[in-house]
Amino acid sequence: VNADAPEETIPADVIVIAIGQDIDSKPFAAAGVDVVVLDSAHGHSANVLRAVEMLRSEFPGCQLIAGNIATYEAAKALIKAEGVNEDAVHLLSGSGRMGVQALCDAYHEERYGSMPGQMGKAVEAARGILARTDNPQLADFELDRAYFAELRSLAEATGSRFLQGYVRVMIDSANLRSAVRTLRMGRGADFLHEALIPGGECSPESVAQSAGSAESLAGLFSTGALRQAAELVPEAVGGGGLTDFEKACDDCVNRYLAGARLQSFGEAPVIAYIAAVENEISAARMILTGRLSGVPAELIQERLREWNA
């Protein structure tokens, strides 16, 4: 379907089917289908590319939509790959607003205006930072700021206090992690300032001021949604393992979402459910990746977050 066509020119009787890459499409071939949508979160994979070719042969007169979509994480992958002269297409995967190939083309041809939202400006700035400093981490910071700024803007546009609170908790979690890592590495205030993101319950200024010691940093977050993670800050800063601390940060964010179960009406339960489904997919990937890599089941279990739909 031509998305640019006037609404009145699109027939009301268009027949659309959506199938997965492993579903037999032959029964639909004689059904007068107009549009075929191939559903996949990994449109760049070899299996999906083979499925596209098969569908083109079976539905020669149909519009074919096969899609993977790109995110700020995809932009990070492209920039980091550029820094080491590698191709990052195989790393790009779903959830976003722009096809992977379209993103790659826009990136390599420097057509930043064709990227959605504020992503183009952020990608251009991040590439400039990488060119000047040869430091992909600083480029990451630029993209993180743009990502969370866009999240805040979208959440505010909905008018949902629950969604706005979710974004604030995610920002606080990101800032607490950055502060802990900065202290562990012995980096200075300038480095931390680059990493901190505005928009959380704790301002970047307050986080920076509290990052002089593990105790003051833990105290700053001890009364909010991240209080359980804050209890682990001294150990994490002192050189202890980061696994428990990172898990605690994620679990705190998910506990915020779990609060939606107490709300009988409104958008909060729907938002929490969608986030939980996404988290379950992440958990499944973690389990599969761990098993394929030979990681013991007990270790995988320790790293799984508190999330379920």
Side-chain angles (χ1 to χ4, degrees), residues 72 141 144-145 147-184 192-193 195-237 240-283 286 302-309:
Y72 279 92
F141 294 160
D144 285 341
R145 279 191 292 271
Y147 165 71
F148 281 110
E150 191 163 356
L151 278 187
R152 292 201 314 273
S153 177
L154 292 171
E156 289 168 1
T158 68
S160 168
R161 293 184 179 179
F162 181 81
L163 187 57
Q164 292 167 24
Y166 178 39
V167 173
R168 287 195 296 271
V169 173
M170 286 196 293
I171 292 173
D172 280 337
S173 176
N175 285 342
L176 179 57
R177 294 173 203 244
S178 294
V180 165
R181 289 170 182 158
T182 300
L183 283 172
R184 277 177 66 99
L192 179 58
H193 177 75
L196 294 177
I197 300 161
E201 295 291 350
C202 299
S203 68
E205 293 77 17
S206 63
V207 176
Q209 290 172 2
S210 300
S213 70
E215 289 71 22
S216 60
L217 181 62
L220 178 65
F221 288 92
S222 63
T223 58
L226 289 164
R227 54 189 175 276
Q228 288 92 344
E231 294 173 359
L232 301 180
V233 165
E235 180 181 353
V237 170
L242 280 176
T243 299
D244 290 343
F245 168 72
E246 296 275 1
K247 181 178 182 297
C249 287
D250 288 336
D251 288 343
C252 287
V253 174
N254 288 308
R255 288 190 195 102
Y256 173 88
L257 290 170
R261 296 173 182 171
L262 303 178
Q263 301 187 34
S264 302
F265 302 99
E267 78 289 349
V270 178
I271 294 169
Y273 176 77
I274 293 172
V277 169
E278 183 178 4
N279 289 335
E280 282 189 342
I281 293 171
S282 297
M286 185 183 298
E302 290 176 4
R303 298 189 177 187
L304 291 178
R305 274 49 174 167
E306 294 178 7
W307 49 41
N308 65 82

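What you are looking at is a predicted structure, and each value in this text was computed from that prediction instead of being measured. Counting from 1, the numbers follow the sequence of the chain as shown.
Of the possible donor and acceptor atoms, one in the side chain of R152 sits under 3.5 Å from a partner among the backbone N and O of P198. Remark: side-chain polar atoms of S216 are paired, donor with acceptor, to backbone N or O of S213 under 3.5 angstrom.
Heavy-atom minimum distance, A211 versus L183: O-CD2, 2.9 Å. Nearest approach of R145 to A195, heavy atoms of both residues: NH1-N, 4.5 Å. Closest approach of C249 and S173 over heavy atoms only: CB-OG, 3.5 Å. Minimum interatomic distance between C202 and V207 (heavy atoms only, all atoms of both residues): CB-CG2, 4.0 Å. P204 approaches L196 most closely through the heavy-atom pair O-CD1, 3.3 Å. The shortest heavy-atom contact between V167 and A155 is CG2-CB, 4.0 Å.
With sequence neighbours left out, Y256 forms a ring-ring contact (aromatic ring centres under 6.0 Å, His included) with F162.
One finds the CD1 atom of I171 at 7.5 Å from the CG atom of L151 (value rounded to the nearest 0.5 Å). Considering OG of S206 and CG of N175, their distance stands at 8.5 Å, rounded to 0.5 Å. Note: I197 CD1 to S203 OG = 13.5 Å, rounded to the nearest 0.5 Å. Here the straight-line distance linking atom CZ of R168 with atom CZ of R161 works out to 10.0 Å at 0.5 Å rounding. To the nearest 0.5 Å, atoms CG (L163) and CG (L154) are separated by 8.5 Å. Note: S153 OG to E150 CD = 7.5 Å, rounded to the nearest 0.5 Å.
Side-chain contact between F245 and L176 is present, with at least one heavy-atom pair separated by less than 4.5 Å. You'll find the side chain of V169 stays beyond 4.5 Å of the side chain of C252, heavy atoms only.
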Derivation of the salt bridge (charged side-chain N to carboxylate O under 4.0 Å, His left out) call for R181 and E246
CA-CA 11 Å; R181 289 170 182 158; E246 296 275 1; 2.6 Å; yes
Using a 3.5 Å cut-off and no angle test, enumerate the donor-acceptor pairs between side-chain atoms of residues 217-232 and protein atoms at least two apart in sequence or in another chain.
| from | atom 1 | to | atom 2 | distance (Å) |
| --- | --- | --- | --- | --- |
| S222 | OG | G219 | O | 2.8 |
| R227 | NH1 | G224 | O | 2.8 |

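A salt bridge links K247 with D251: the distance from a Lys NZ or Arg NE/NH1/NH2 to an Asp or Glu carboxylate oxygen falls below 4.0 Å.
No option in D144, D250, D172 other than D250 meets the salt bridge (Lys or Arg N to Asp or Glu O under 4.0 Å) test with R177.
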